[in-house]
Amino acid sequence: PRAIHLKDYRVPPFLIDRTELHFELGEKATLVKSRLSMRRNPDSDEGDAALQLHGDTSLVLRRLQLDGKDLSVSDYQRDDESLTIAQLPDNFVLECVTLIKPQENTSLEGLYKSNGMFCTQCEAEGFRKITFYLDRPDVMSVFTTTIVANRQDYPVLLSNGNPVEQGEQEDGRHWCRWDDPFKKPAYLFALVAGKLEQVDDSFTTQSGREVALRLFVEPQNLDKCDHALASLKRSMAWDEQVYGREYDLDIFMIVAVDHFNMGAMENKGLNIFNSSCVLANPATTTDAGFQRIEGIVGHEYFHNWSGNRVTCRDWFQLSLKEGFTVFRDAEFSADMGSRTVKRIEDVSLLRTAQFAEDAGPMAHPVRPASYIEISNFYTLTVYEKGAEVVRMIHTLLGAEQFRKGSDLYFERHDGQAVTTDDFIQAMEDASGIDLGQFRRWYSQAGTPVVEVSDDYDAEQRRYRLKVRQHCPATPESDSKQPFHIPLAVGLLDEQGNDLDLGDGQTTKILHLTEAEQEFVFEGIDSQPLPSLLRGFSAPVKLRYPYSAEQLVFLMAHDSDGFNRWDAGQRLAVDLMQGLISDYQQGRELVLDRSLVEAYTKVLSDRSLDPAMVAKLLLLPSEAYLAELAEVIDPEAIHLVREFVKRELAQALQGLLMDAYRHNRSEGDYQLNADAIARRSLQNAALSYLMTLEQPRILVLAQHQFASADNMTDQLAALSLIAHSGFESERQQALSEFYQQWQQDPLVVNQWLSVQATSPRDDSLTQVKALMAQPLFDLTNPNRVRALIGAFCGQNAVQFHRADGEGYRFLADQVIALDKLNPQIASRLLTPLTRWKRYDSRRQALMRAQLERIMAGELSKDSYEIVSKSLA
Ligand code: HT7
Ligand code: ZN
């Protein structure tokens, strides 16, 4: 397979002004008729170039007509990926009839069937599996879509835009025509046909237009729609208030489908959602699930402007829409709940998974320079780091100028397909702030390291920060230019109060632009303690030699909530790294008192929000410790983390029990910030207490499991019991849970994940046994992620078993899946790609499995990941 390079971008030689589609949906095959009104692009320098339409090898071409005249095989050329027609006039109508087989499409790209329902997924390049087309985001067209299908099996027929006509046929089939007045690229096309029920709502926009909101689900899910609709209305109101963006069609539809490769898709007016990201009720959905749904509903809705009205010129610009939209959804969630907690969650994800990506073989800039398969670039770098880059622009410009910049961007580029550079240009033009050097965040991969040292001159009352930045090499480049890094800094006095850094400011943004810089603070009366990178103001690794005492002080006093939490994480990381080394050297493990003291203060401080207490109590994850390690030792990391947790539980038993009892509410379930916060602390406390392996605590967990009126409490208890050493009790809880929830596929997925993430030695055997049961289905990505993905990605100690069986298992699954669904196969590969981070024995075992995968015939998706990993 060949790589595609950003530097080779050319404007499209042809444009499609109008796209008329006609689908005859059938049980054996579907007939797709297209009528494309086309013309040569006046901006193209390719003269009388031939027309090369994208078209997957699976398309059966039945008929091709140019301006009403049939073309014969000698008039065009066909290969595996395209159809080429030469000698075309400047304006013409091309009509095409293709036959496709959605029933056999397990890739879940293009048109496919999920539980008897037809649905589409066209981003990034799925439309070419439906018909021949210029399937690139800079070709934008208005679409009219007619769908014909059997009325009994497919009473609901949906596409983008507004419904304009419908009718019946005599053969039991009916049809519906949809018209989308907004120009869009083919990746935003959608079609759904099925036996669906709907829940209706409406939203009145700020200019007084009434928009119909409609959520389509399978009948058994009608009781899981309220939260998504409420989230949608909150999103619509928020985008009006914060960005001045109004919805533009008369109807906004969401459809829930069970078989879906990602979370959701922002098709114009017809969002399609993975059912796991939209359906919710308290009995089946955890608090985290509710919050996730709100965020994803917001994300897809916000794409209507950042993605649909203004789209990407090419797929290298993916972060233009994704980074910006993740930033928008994160701010929305922060406004709906706790800003600090949301920031902690986002940074945790970035620092574990995105930093690991930056340190691995697939490292790439936020705007990649090349790809083999674009689906592999829907990454944490493009999404989460891309959002951090937009957040830094927000920090550099301030809220007001940023809003002016986004207004200018939307106004200037409405209806266009543009680049990340156009986005920055709008921000620069609106604010007058130079973002020249800042642009490097888009073109250079890697996580910068910022090293800070300081000195205080009491005589001169002067405090100085010395800052160095460097960025490690990544596959595309080993020499990096300095980044423009906004470093948010506060200084604390001996009482823990913020110093005034000028004009009453307690946080100052330092602009790091060079490899080494010095920043001087005058008029400082005594040695301050710096609070650095407040709010995680840039996606960097910060190094400063804090002592344990200073970290405990910051944990108690920093006015920046994020840095209070981060001080606790640093303290725990420092201690745990020491213990990991003790364990490796065969030394006895002893927990330093500083952590016990810090956690005692946290648990005793009644002024703290329980959600914040729960976050402060959460030890750094195994994944984060792994990311920080020079050579990853999964066993040592796991054992040390368990040891620290148990020691803390022992020392803080009384306080933890108080926290559990004080925050536990039996009955009277509520879904609000306060109740969610209390449940999070209650379950954090129980998780510590369960490490003591005391029967009286087991009874508490069992009682919680049996009496829970919500999934947060029930699942937390199940997972603790199932991961414990109480053998018969764990089996009983797992079996009771399955009996209770076997009819609900989304809950069954959670049940599978609990078992897949068990650190017990038999978990791989259990996973294999579950895969052999009829409930498992390799063609359902949610099942695959819940079981195989969870075992390989979230159960490091068992996946990295010394015998290499975890690696062999993953390779077997990838080889099988690659034939069915290449996108899911290539994503599953991630843990194997990190092989260079492990000891030489594990390296050899992992590499051998990558080579075994490479030896077979592979999709472009998996080929790219495996070949880059082995390079
Ligand atoms: N923009 C959507 C991306 C997406 C996707 C990409 C590749 C393959 C399948 C996919 N499904 C959805 C989702 C989003 O970021 O909003
Ligand atoms: Zn998105």
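All ligand and atom numbering here is 1-based and tracks the order in the structure. All figures in this text were calculated on a predicted structure; none of them were measured in a lab.
At the top of the distance list for atom 13 (C) of ligand 1, counting protein heavy atoms only, stands Ala264 O, 3.0 Å. Remark: minimum distance from atom 3 (C) of ligand 1 to any protein heavy atom is reached at Glu123 OE1, 3.4 Å. Given atom 15 (O) of ligand 1, the protein heavy atom at minimum distance is Tyr383 OH, 2.4 Å. Given atom 4 (C) of ligand 1, the protein heavy atom at minimum distance is Met262 CE, 3.7 Å.
Note on His303: its N/O/S atom closest to the Zn ion (ligand 2) is NE2. The N, O or S atom of Glu322 lying closest to the Zn ion (ligand 2) is OE1.
Judged by distance alone, the side chains of Asp258 and Ser114 never bring a donor and an acceptor atom under 3.5 Å apart. Side-chain contact of Thr144 with Asp179: a donor-acceptor pair under 3.5 Å is present, judged by distance alone. No side-chain donor from either of Thr285 and Lys224 sits under 3.5 Å from a side-chain acceptor of the other. Checked by atom type, the side-chain pair Ser306/Tyr243 shows no donor-acceptor distance below 3.5 Å. Remark: the Gln354 side chain and the Asp358 side chain contain an N/O donor-acceptor pair separated by less than 3.5 Å.
In terms of polar-atom proximity, His299 is counted as a contact of ligand 1, with an N or O under 3.5 Å from an N or O of the ligand. Checked against a 3.5 angstrom limit, the closest N/O atoms of Tyr378 and ligand 1 fall outside it.
Between Lys321 and ligand 1 there is a heavy-atom distance shorter than 4.0 Å. Using a 4.0 Å heavy-atom cutoff, Ser375 is absent from the residues neighbouring ligand 1.
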Show me the side-chain donor-acceptor pairs of residues 225-232 shorter than 3.5 Å, one per line, residues at least two apart or across chains.
from   : atom 1 : to     : atom 2 : distance (Å)
His227 : NE2    : Phe290 : O      : 2.8
Ser231 : OG     : His227 : O      : 2.7

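Only one option out of Ile272, Val192, Leu191, Asn308 pairs with Asn267 in a side chain to side chain contact (heavy atoms under 4.5 Å, CB included); it is Ile272.
Close approach of ligand 1 to His303 is summarised as follows: ligand atoms under 4.0 Å from at least one heavy atom of the residue are 14 (C), 15 (O), 16 (O). Close approach to Glu266 involves these atoms of ligand 1, each under 4.0 Å from a residue heavy atom: 1 (N), 2 (C), 13 (C), 14 (C), 16 (O). Taking every non-hydrogen atom of Glu300 and a distance limit under 4.0 Å, the qualifying atoms of ligand 1 come out as 14 (C), 16 (O).
At a heavy-atom distance under 4.0 Å, only side-chain atoms of Gln823, from C-beta outward, approach ligand 1.
Ring to ring, Trp238 and Tyr301 are not that close: their centroids are 6.0 angstrom or more apart.
Using a 30° and 60° split on the angle between ring planes, Phe402 and Phe327 fall in the perpendicular class, above 60°.
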